[in-house]
Every structure is written in structure tokens, then in C-alpha cells.
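Reviewing the structure listed below.
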Number of protein chains: 2
Amino acid sequence: MSVPLYQAKAELFKTLGHPARIRILELLSERDHAVHELLDLIDIEPSSLSQQLAVLRRTSLVTSARVGGEVIYSVSVPEVRDLLLAARGILSGIIAAQGELGSELSPTATS
Amino acid sequence: MSVPLYQAKAELFKTLGHPARIRILELLSERDHAVHELLDLIDIEPSSLSQQLAVLRRTSLVTSARVGGEVIYSVSVPEVRDLLLAARGILSGIIAAQGELGSELSPTATS
DNA sequence: TGAATAGTTGCAAACATTATCAAGTCTTGC
DNA sequence: GCAAGACTTGATAATGTTTGCAACTATTCA
């Protein structure tokens, strides 16, 4: 039952392919956060946040621990930070390369 | 104008979230390939390959150039390689951390 | 105990992505 | 010109993902 590595990579990237999940990982790679803290920082419904956290948990990218009334999340693999930085590098590269012409990236919210 | 960076990142990762597209990028990050060469190396229908290439083109991750009878693809941003390597690092981290329990991820193939 | 806060789960509708087949363009070589 | 090879495009059914609401569990605190 072994999955080829390129497929595992695809799964990993798919897991990262959601704005809320990126935000979560960015925040968690700074420091651990309780769910309600994330909720204050990310504009999303509680249940939706919970579901995105579940996705990240399933992929073992984050872990959770109940501490009294709150549940604290942490990134389980520190290298996640590298991945996010690499992504930023690529985006800079692309943007630099094409100036500002028509992008497929749909403009919506701010921040 | 600007799309929030975290959203652009999510788009980027989403683009990478498909096994065929990962394969394509892995192959192209070694050297340029004509479509029919990719076709020989990846088990996929021509029309499907074409569609995946279109996705990568739209995101500006690859560029294509017609050379006589063939169309040659190249990665447009060399840093893509870093991203793929970072992904491999994370997968190793996860796999190492959890041994072989879940069996959702097991490395077999190369790269 | 009961109210309030903190999170999670289930589910159905809305939405996006993928695979496949048929049809079309472009280029080479005869 | 025209057949063959190399690719792309369009349409569509099948599948997968996301969202939002309601309901539910767990913990704290008064």
C-alpha cells in the first residue's frame, strides 16, 4: 500500500491549497494558538475553522492539545515554514517576471 | 489591486495539488521537454496532459514554445525546484515522525 | 447546577476540479 | 495537396471540496 512520492507531494500541496489553511499555518508557525485566537485573526466561521483544522490534523501538519477550556494548535513539522517561504519566493519570481499584467489570481479581500 | 499574499500562496499550492502536475514539474525542472516526451513518461491521456499543462501555464509556472512540429515546455521559475524539495523534506519529516502507522504515505518511487 | 465559553461534527447545497471522448488546429514530409 | 503526428479545445458526467447552519460535547465559573 505504498503511495508514490509524487502523489504524496500532490496531497501535501492540495492540503495547503486553501487560503484559510495557509493563514492558519502562517500563524501557527509564529507561535502556538488556541482556536479562539485563530478565530479572532482569521475571518471565518467557527465550524469552518474547525474543519480546516481537521484537514491539517489529518495530514499531520498540526497537532492539537486540550488545555483547560481551550484547544491549542501547533505545527508538527517545523519545515512548514520553509515551504511557505519557498512559496513566497516563487510568487515574487513570477510577479517580477511578468510585471503586473493579467493574472489569474482572483482579487477579493484585502490584507 | 493586490490579492492578499496568503491567497496567492493558496492558489499556487492548489496548482501544485495534482499528481500529474507534480510529475510534469519534476520532469521539467530537470530539463525542458516536448509534450510527446512528457506523454511517454507520464501515464495520462494526451488531452488530459494538455489540460494540466494549461493549468501550469495559466499560473505562469511553465512556458511553452512551438519549435517546428513540437511544443517545448520549460519551468519559468527555477525556484520551483526548491518548493518540490521542501515538500519532500516535510514528507520525510512526517513519515519519520509517525513511522508507518497510518500507511497513507509511504515512499516508493524516486524523486 | 446552570449559564457561558470553546470547539467539533453532520449534513446538504453550492461550487470547483477531473477524466474522457470527440473534434479541431498546426506543421512536417511525401 | 494531403496524410500523419503533435497538441489543444470543448463539452460533459463523475467526483471532490467548501460553506453555513444546527446540533452536540467539554470545561469553566458563579
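Lettering follows sequence order; numbering is per chain, from 1.
Counting all heavy atoms, side chain and backbone alike, A:A10 lies closest to B:P19 at CB-N, 3.4 Å. Minimum heavy-atom separation, B:F13 to A:L83: CZ-O, 4.0 Å.
B:E45 places its CD atom 15 Å from the C1' atom of D:dA6, with the value rounded to the nearest Å. Summarising the geometry, the separation between CG on B:L56 and P on D:dT8 is reported as 12 Å, rounded to the nearest angstrom. Taking atom CD of residue B:Q52 and atom P of nucleotide C:dA16, one finds them 18 Å apart after rounding to whole Å. One atom, CG of A:L53, and another, C1' of C:dT8, lie 10 Å apart when rounded to the nearest Å. Per the geometry, CD belonging to B:E70 stands 15 Å off P belonging to D:dG5, to the nearest Å. In this structure, A:F13 places its CZ atom 18 Å from P of C:dT17, rounding to the nearest Å. Residue A:D43 contributes atom CG, which lies 14 Å from atom C1' of D:dG20 at whole-angstrom precision. Going from atom NZ of B:K14 over to atom P of D:dT18 covers 7 Å, rounded to whole Å.
Other residues, nucleotides and ligands place more than 12 heavy atoms under 6.0 Å from the CG atom of A:D40. Other residues, nucleotides and ligands place more than 12 heavy atoms under 6.0 Å from the CZ atom of B:R57.
Residue whose closest nucleotide on DNA chain D sits further toward the 5' end, between A:I44 and B:E37: B:E37. Nearer to the 5' terminus of DNA chain C, by closest-nucleotide assignment, is the contact made by A:L39 (compared with the other of B:V55 and A:L39). Between A:R21 and B:G69, the residue anchored closer to the 5' end of DNA chain D is B:G69, taking for each the nucleotide with the nearest heavy atom.
At the heavy-atom level, B:A54 lies nowhere under 4.0 Å from the strands shown.
Panel note: side chain B:S48, backbone B:E45; no donor-acceptor pair is recorded below 3.5 Å.
If you check distances only, the side chain of B:Q51 does reach the base of C:dT20 with a donor-acceptor pair under 3.5 Å. In the interface, the side chain of B:S47 is not paired with the base of D:dC7 through any donor and acceptor atom under 3.5 Å apart.
A:Y73 has no side-chain polar atom (N or O) that falls below the 4.0 Å cut-off from OP1 or OP2 of C:dA6.
Relative to the side chain of B:H18, the nucleotides C:dT8, C:dA19, D:dT8 differ in distance, and C:dA19 lies closest.
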